[in-house]
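Worksheet: one structure, shown below.
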Amino acid sequence: MKNIVIFGAPGSGKGTQSDLLVAKYGFRHISTGDVLRAEIKGGTELGKTAQGFINNGQLIPDSLMIDILAKVYDGLMPCEGVIFDGFPRTIPQAEALKAMLAERGTEVTCMLELDVPDDMLMERLLLRGKTSGRADDNEETIRKRLDVYHAQTSPLAAWYEGEGKRHAIKGYGDIQEINDALCAVIDAE
């Protein structure tokens, strides 16, 4: 079984590439964004709390995310593999994910980093906001999300590099070429 962290700034294509990997390998996909949006739509207490953080471009508290992810992960077993999309976002979250997986006798196989310049990310997210109606895809919130990403999340690249699991992939251009590069890494693991 493979546990894959797909990593990149908001709008880097994590969801698109995750869908392609699921179709090819039969992996299961845990998108923290989708999980949280379902909680928000369901009007749960977690959803109400999460909405405040998301609307301000902030990260969800670690303890809430680990509990949710452990429950979702356990519900997917058994399977060929799991793609973690949108988590971890900080080094403490990566350490918590490592511990959660170790409790289950497994580990992160690799971290696939989609590298996209900020100006492209802004264009993609503004377009997504127009087509999807997502309230968090507006210029002010996008800038906050990118600032949070660079300050808190991008240090994960170095952490996963230290773990020997980081694989940086150019995340712009032809979608299939990006996917082929990701698959080459997965196939080599």
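- For the atom pair Gln51 CD and Ile40 CD1, the distance stands at 4.0 Å (nearest 0.5 Å).
- Side chains of Tyr149 and Asp118: a donor-acceptor N/O pair is absent below 3.5 angstrom, by distance only.
- Using a 4.5 Å heavy-atom threshold, the side chains of Ile4 and Val108 count as separate.
- At distances below 3.5 Å, not a single donor-acceptor pair connects side-chain atoms of Thr141 with backbone N or O atoms of Asn138.
- Residues Tyr172 and Met122 are members of one and the same hydrophobic cluster, defined by side-chain heavy-atom contacts under 4.5 angstrom among Ile, Leu, Val, Met, Phe, Trp and Tyr.
- Atom CG of Leu125 sits about 11.0 Å away from atom CD of Glu139, to the nearest 0.5 Å.
- Val22 and Val35 are not part of a single hydrophobic cluster, where members link through side-chain heavy atoms under 4.5 Å apart.
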Could you go through Asn3 and Thr106, starting from their C-alpha distance and side-chain angles, then the distance that decides it, and tell me whether this counts as side-chain hydrogen bond (donor to acceptor under 3.5 Å, both in side chains)? CA-CA 8 Å; Asn3 293 298; Thr106 189; 2.9 Å; yes
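- A salt bridge links Lys165 to Glu107: one of the charged nitrogens lies within less than 4.0 Å of a carboxylate oxygen.
- Tyr73 does not carry Lys71 over the face of its six-membered ring by the limits of under 6.0 Å from the centre and within 45° of the normal.
- For the atom pair CZ (Phe7) and OG (Ser12), the distance works out to 9.0 Å, reported to the nearest 0.5 Å.
- The hydrophobic cluster containing Ile178 also contains Leu112, counting ILVMFWY residues as joined when their side-chain heavy atoms lie under 4.5 angstrom apart, directly or transitively.
- For CG of Leu127, the number of neighbouring non-hydrogen atoms (other residues, nucleotides, ligands) closer than 6.0 Å is greater than 12.
- Minimum interatomic distance between Asp62 and Gln93 (heavy atoms only, all atoms of both residues): OD1-NE2, 2.6 Å.
- Among residue pairs with one or both ends in residues 7-35, those qualifying as salt bridge (charged side-chain N to carboxylate O under 4.0 Å, His left out) are Asp34-Arg37; sequence neighbours excluded.
- Ile91 and Met111 fall within the same hydrophobic cluster, where Ile, Leu, Val, Met, Phe, Trp and Tyr residues are linked whenever their side-chain heavy atoms come under 4.5 Å apart, directly or through other members.
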Decide salt bridge (Lys or Arg N to Asp or Glu O under 4.0 Å) for Glu113 and Arg166; before the verdict, give the C-alpha distance in whole Å, the side-chain angles of both, and the deciding distance to 0.1 Å. CA-CA 7 Å; Glu113 178 183 4; Arg166 177 181 177 228; 2.6 Å; yes
Going by atom type alone, with no hydrogens or angles, which donor-acceptor pairs under 3.5 Å involve a side-chain atom of residues 79-89 and a protein atom two or more places apart or on another chain?
unit_1	atom_1	unit_2	atom_2	d
Asp85	OD2	His29	NE2	2.9
Arg89	NE	Gly86	O	2.9

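- Side-chain contact annotation: His167 with Glu161, donor-acceptor N/O pair under 3.5 Å absent.
- Looking at Gln17, its side chain does come within 3.5 Å of a backbone N or O of Ile175 through a donor-acceptor pair.
- Closest approach of Leu146 and Pro10 over heavy atoms only: CD2-CD, 4.0 Å.
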Where do Val5 and Cys110 land on the side chain to side chain contact (heavy atoms under 4.5 Å, CB included) test, with the steps shown first? CA-CA 6 Å; Val5 172; Cys110 60; over 6 Å; no
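- Transitive grouping of hydrophobic side chains (ILVMFWY, heavy atoms separated by less than 4.5 Å) brings Ile169 and Ile186 into a common cluster.
- Residue-environment remark: CD (Gln176) exceeds the threshold of 12 foreign heavy atoms within 6.0 Å.
- Atom CD1 of residue Ile30 and atom CG of residue Leu76 lie 5.0 Å apart, to the nearest 0.5 angstrom.
- Considering CG of Leu114 and OG1 of Thr16, their distance stands at 9.5 Å, rounded to 0.5 Å.
- A 4.5 Å side-chain heavy-atom check between Arg104 and Asp74 finds at least one atom pair inside the cut-off.
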Could you walk me through whether Lys170 and Glu177 pass the side chain to side chain contact (heavy atoms under 4.5 Å, CB included) check? CA-CA 9 Å; Lys170 182 181 87 167; Glu177 288 178 12; 5.6 Å; no
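- A distance-only check finds a donor-acceptor pair linking the side chain of Arg124 to the backbone of Gly11 [under 3.5 Å].
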Side-chain atoms of residues 94-103: list all donor-acceptor pairs with protein atoms under 3.5 Å, sequence neighbours left out, distances to 0.1 Å.
unit_1	atom_1	unit_2	atom_2	d
Lys98	NZ	Glu163	OE1	3.0
Lys98	NZ	Glu163	OE2	3.3

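- Annotation: Lys130, atom NZ; neighbour count of heavy atoms from other residues, nucleotides and ligands within 6.0 Å does not exceed 12.
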